[in-house]
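What follows is a single structure, written as structure tokens, with notes after it.
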Amino acid sequence: MLDLKLFNSLTRRKEDFNPLDATHVRLYACGPTVYNYAHIGNARMAVVFDVLARVLRRQYPKVTYVSNITDVDDKIMDAARESGEAIDAITEKFTRIYNEDMAALNVAPPDVQPRATTHIPQMIALIETLITRGHAYEAQGHVLFNVPSFPAYGGLSGRSRDEQIAGARVEISPFKKDPADFVLWKPSSQDQPGWDSPWGRGRPGWHIECSAMAQEHLGVPFDIHGGGADLKFPHHENEIAQSCCAHGALHDLSAFAKVWVHNGFVTVQGEKMSKSLGNVMLVHDLLRDWPGEVLRLTLLSAHYRQPLDLSLDKIAEQARVLEKFHKRLAALDGPEDPALQVPPSVMEALLDDLNTPQAIAALNALLQREDGPELKADLLAAGAIIGLFQNSADWQPHAETVPDFVQDLLAQRIAARKEKNFKRADEIRDQLIAKGWRIEDTPQGPVAHKI
RNA sequence: GGCGCGGUGGCAGAAUGGCGAUGCAGAGGACUGCAAAUCCUUGAAUGCGGGUUCGAUUCCCGCCCGUGCCUCCA
């Protein structure tokens, strides 16, 4: 059996993956903060780690994949203030929408989807440990992590404590012992969500939740920790600091998670999506026009570590690609169940640091083979590990409904063709094209596709 | 300013110290009443300047360009 290779952000090298326990691989990926609809960047993270989990499940007998929901955060409080909705209502609503949207992209639910608000005691316990060990201190109702107490700090992002301070654009709070110190716990006013703690009523800082939830559900150390590239600093750097220090590993950055995997960004017209640029593409909106599978293929069409510049043209191109596969599959006889064996060309590509473009190229190569049950089984097996091709019979290139006027014109054209009135039939076709509908004549009759 | 990533055909996108995949688009052909869909065939690329080397797109240095993080961010 070939081994999985992964690029480890901690060492900046592609490495053979060697699980701590080959009978149980443990994976954690930072999930979304639920205060708005998920954008396509959230989806990229979910799809990438879904593929990683699928690959791991092929290679190892047991995999536990944990991906959290952050449901306490100042952004959520802001959203609540703006909309007038209760915080709980907002987080529940957008957690549900996130899970629905990811399901539409054929993202399998993680084994555990912990929520921050149900892990407050674990966070408090972790903070207490850090205070006891001399890595954290209380100041004016806050608890802060003392960065100089962790000599290895900065190893993930390649940024020393001094460099971080030199580039800091934030005001440094006067009660910090060191300018680089960051908040573990902060006080809440009465109108803010808060929990009782040894330091008064308050709420957790951003980073402590993942340290606590990963430890709770996976144990420390575990195998793979992932997330978007922007989380490297400060989020993951601080997670490492908290968790390593809580476990007395002052010089070993891998004492928390052995391998760190970061996916690149989705950009639009070459720039990162941001609210201020107004170029944020929401999964929810895209799903109105495209099947989730098209979006999934689009997200996997570039290597996960590369930036992915998204455009409607690119999505449309992937829809054409997917249509080709589905048509071929629909015409093949054979079992509907994906075969146990993933074609080696596809598996090898995925094992090489999740090289999905290579895997898709291998998929295209499969189409060169002769029709038959073996081809169908191989395509389905290859598709299954990438998360594609599960419903060829129902495949539609667009999430579209054909309007009545199109149906009428189609019927008129059928009649005209029956009478060999081709002039009239072609007129109708031109008319439909002008209105944005392309006709495909199939053995089952004409089908209209939106252009 | 500090740290990082990238520049491959018209577009997208892999890989590689020596023949540079694959897809989309384009062109030609088959099929079709004509098309569409499908199939076959096909042209087309490594930012610039040095260095290492028998040989560099690949390794090293410099430059230019783009982009990301350093503030919330997947």
Side-chain angles (χ1 to χ4, degrees), chain A residues 9 12 29-33 35-36 38-49 67 70 73-76 78 98 154 157-160 162-171 180 206 226-235 237 262-267 270-276 280 297-311 313-314 316-325 327-328 331 349 352 355-365 367-368 397 417 420-423 425-426 429-430 432-433 437-443 446-449 451:
Chain A
S9 302
R12 297 182 200 189
C30 290
T33 303
Y35 65 106
N36 201 344
H39 55 65
I40 194 71
N42 293 306
R44 188 180 198 191
M45 167 264 147
V47 167
V48 164
F49 287 96
S67 187
T70 296
D73 186 280
D74 288 3
K75 289 195 297 293
I76 300 173
D78 293 343
Y98 174 77
S157 55
R159 206 182 302 257
S160 72
D162 291 343
E163 282 167 351
Q164 187 201 342
I165 295 160
R169 292 190 225 156
V170 267
E171 294 245 351
W206 175 32
D230 60 330
L231 295 182
K232 255 191 229 180
F233 187 90
H235 183 54
E237 200 73 79
H262 291 97
N263 63 275
F265 277 106
V266 178
T267 59
E271 286 184 299
K272 186 179 164 180
M273 291 187 294
S274 73
K275 275 189 179 171
S276 53
V280 176
L297 180 61
T298 305
L299 290 171
L300 294 174
S301 67
H303 184 88
Y304 77 89
R305 279 191 283 117
Q306 296 299 122
L308 174 67
D309 194 40
L310 200 64
S311 65
D313 282 352
K314 190 174 285 187
E317 179 181 327
Q318 297 307 319
R320 285 191 288 272
V321 172
L322 206 45
E323 184 173 16
K324 177 181 67 177
F325 279 104
K327 279 188 168 163
R328 184 72 177 273
D352 185 12
N355 192 335
T356 52
Q358 184 73 54
I360 292 164
L363 227 38
N364 274 296
L367 293 182
Q368 300 302 313
R417 292 185 70 201
K420 304 248 189 256
N421 185 352
F422 296 122
K423 186 161 176 282
D426 290 353
R429 185 172 61 209
D430 291 344
L432 282 168
I433 288 170
W437 291 83
R438 165 175 71 78
I439 296 175
E440 181 182 349
D441 286 321
T442 73
V447 180
H449 299 283
I451 298 169

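Chain naming here is simple, since letters A, B, ... match the order of the sequence lines and numbering starts at 1 in each.
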From [X] [atom1] over to [Y] [atom2], what is the distance, rounded to the nearest 0.5 angstrom?
| X | Y | atom1 | atom2 | answer |
| --- | --- | --- | --- | --- |
| A/Thr33 | A/Lys75 | OG1 | NZ | 4.5 Å |
| A/Lys272 | A/Asp230 | NZ | CG | 5.0 Å |
| A/Glu237 | A/Lys232 | CD | NZ | 10.0 Å |
| A/Phe325 | A/Ile360 | CZ | CD1 | 8.0 Å |
| A/Leu310 | A/His39 | CG | NE2 | 12.5 Å |

Nearest-angstrom distance, [atom1] atom, [N] to [M]:
| N | M | atom1 | result |
| --- | --- | --- | --- |
| B/G20 | B/G13 | C1' | 13 Å |
| B/G28 | B/A36 | P | 12 Å |
| B/A25 | B/G1 | P | 44 Å |
| B/U46 | B/A21 | C1' | 14 Å |
| B/U16 | B/U8 | C1' | 12 Å |
| B/C65 | B/C48 | P | 15 Å |
| B/A14 | B/U57 | C1' | 13 Å |
| B/C40 | B/G47 | P | 32 Å |

Open item on the list: So that I can compare with my own list, what are the stems of RNA chain B, taken as at least three consecutive Watson-Crick or G-U pairs with distances under 3.5 Å?
Closed with: B:1-7 with B:64-70, B:10-12 with B:22-24, B:26-30 with B:38-42, B:47-51 with B:59-63

Would you mind reading off the distance between [X] atom [atom1] and [N] atom [atom2], rounded to a whole angstrom?
| X | N | atom1 | atom2 | value |
| --- | --- | --- | --- | --- |
| A/Asp230 | B/C69 | CG | P | 7 Å |
| A/Phe325 | B/U22 | CZ | P | 13 Å |
| A/Asp441 | B/C31 | CG | C1' | 13 Å |
| A/Ile76 | B/C73 | CD1 | P | 11 Å |
| A/Asp309 | B/G68 | CG | C1' | 13 Å |
| A/Glu237 | B/U71 | CD | P | 13 Å |
| A/Gln306 | B/A12 | CD | P | 13 Å |
| A/Arg12 | B/C5 | CZ | C1' | 11 Å |

Say whether, by atom type as modelled, one donor and one acceptor occur between the side chain of [X] and the main chain of [Y] under 3.5 angstrom.
| X | Y | answer |
| --- | --- | --- |
| A/Lys314 | A/Thr298 | no |
| A/Ser67 | A/Ala29 | yes |
| A/Ser157 | A/Phe233 | no |

Pick base, sugar-phosphate or nothing for [X], based on heavy-atom distances below 4.0 Å to the nucleic acid.
| X | result |
| --- | --- |
| A/Lys75 | sugar-phosphate |
| A/His303 | sugar-phosphate |
| A/Arg417 | base |
| A/Thr33 | sugar-phosphate |
| A/Gly228 | sugar-phosphate |
| A/Val266 | base |
| A/Ser157 | sugar-phosphate |

Kindly point out which of [options] is positioned nearest to the side chain of [X]?
| X | options | answer |
| --- | --- | --- |
| A/Arg438 | B/A14, B/A37, B/C73 | B/A37 |
| A/Glu440 | B/A14, B/A37, B/C73 | B/A37 |
| A/Asn355 | B/A14, B/A35, B/A74 | B/A14 |

Give a yes/no on whether any side-chain N or O of [X] is located under 4.0 angstrom from OP1 or OP2 of [N].
| X | N | result |
| --- | --- | --- |
| A/Ser301 | B/G23 | no |
| A/Lys314 | B/G13 | yes |
| A/Trp206 | B/C73 | yes |

TODO: Look at the side chain of A/Arg305 against the base of B/C5 and say whether a donor-acceptor pair falls under 3.5 Å; ignore hydrogens and angles.
DONE: no

Non-hydrogen side-chain atoms of [X] and [Y] separated by less than 4.5 Å:
| X | Y | value |
| --- | --- | --- |
| A/Asp426 | A/Arg429 | yes |
| A/Tyr35 | A/Asp78 | no |
| A/Thr356 | A/Val48 | no |

Open item on the list: So which atom in A/His235 and which in A/Cys30 form the shortest heavy-atom distance, rounded to 0.1 Å?
Closed with: NE2-SG, 3.7 Å

TODO: Taking all heavy atoms of A/Asn42 and all of A/Pro32, pick out the closest pair and write down the distance.
DONE: OD1-CB, 4.2 Å

Task: Letter per nucleotide, 5' to 3', of nucleotides 40-48 of chain B [B base touched, S only sugar-phosphate touched, - untouched; heavy atoms, 4.0 Å] - done: S--------

Task: Donor on one side chain, acceptor on other, A/Lys324 and A/Asn364, under 3.5 Å - done: yes

Task: Given RNA chain B, 5'-ward residue of the pair A/Asp426 and A/Ala361, judged by closest heavy atom - done: A/Ala361

Would you list the protein and nucleotides 24-28 of chain B atom pairs, both N or O, that sit under 3.5 Å from each other?
{"from": "B/C24", "atom 1": "OP1", "to": "A/Lys324", "atom 2": "NZ", "distance (Å)": "3.2"}
{"from": "B/C24", "atom 1": "O4'", "to": "A/Glu317", "atom 2": "OE2", "distance (Å)": "3.3"}
{"from": "B/C24", "atom 1": "O3'", "to": "A/Arg320", "atom 2": "NE", "distance (Å)": "3.2"}
{"from": "B/C24", "atom 1": "O2'", "to": "A/Arg320", "atom 2": "NH2", "distance (Å)": "3.0"}

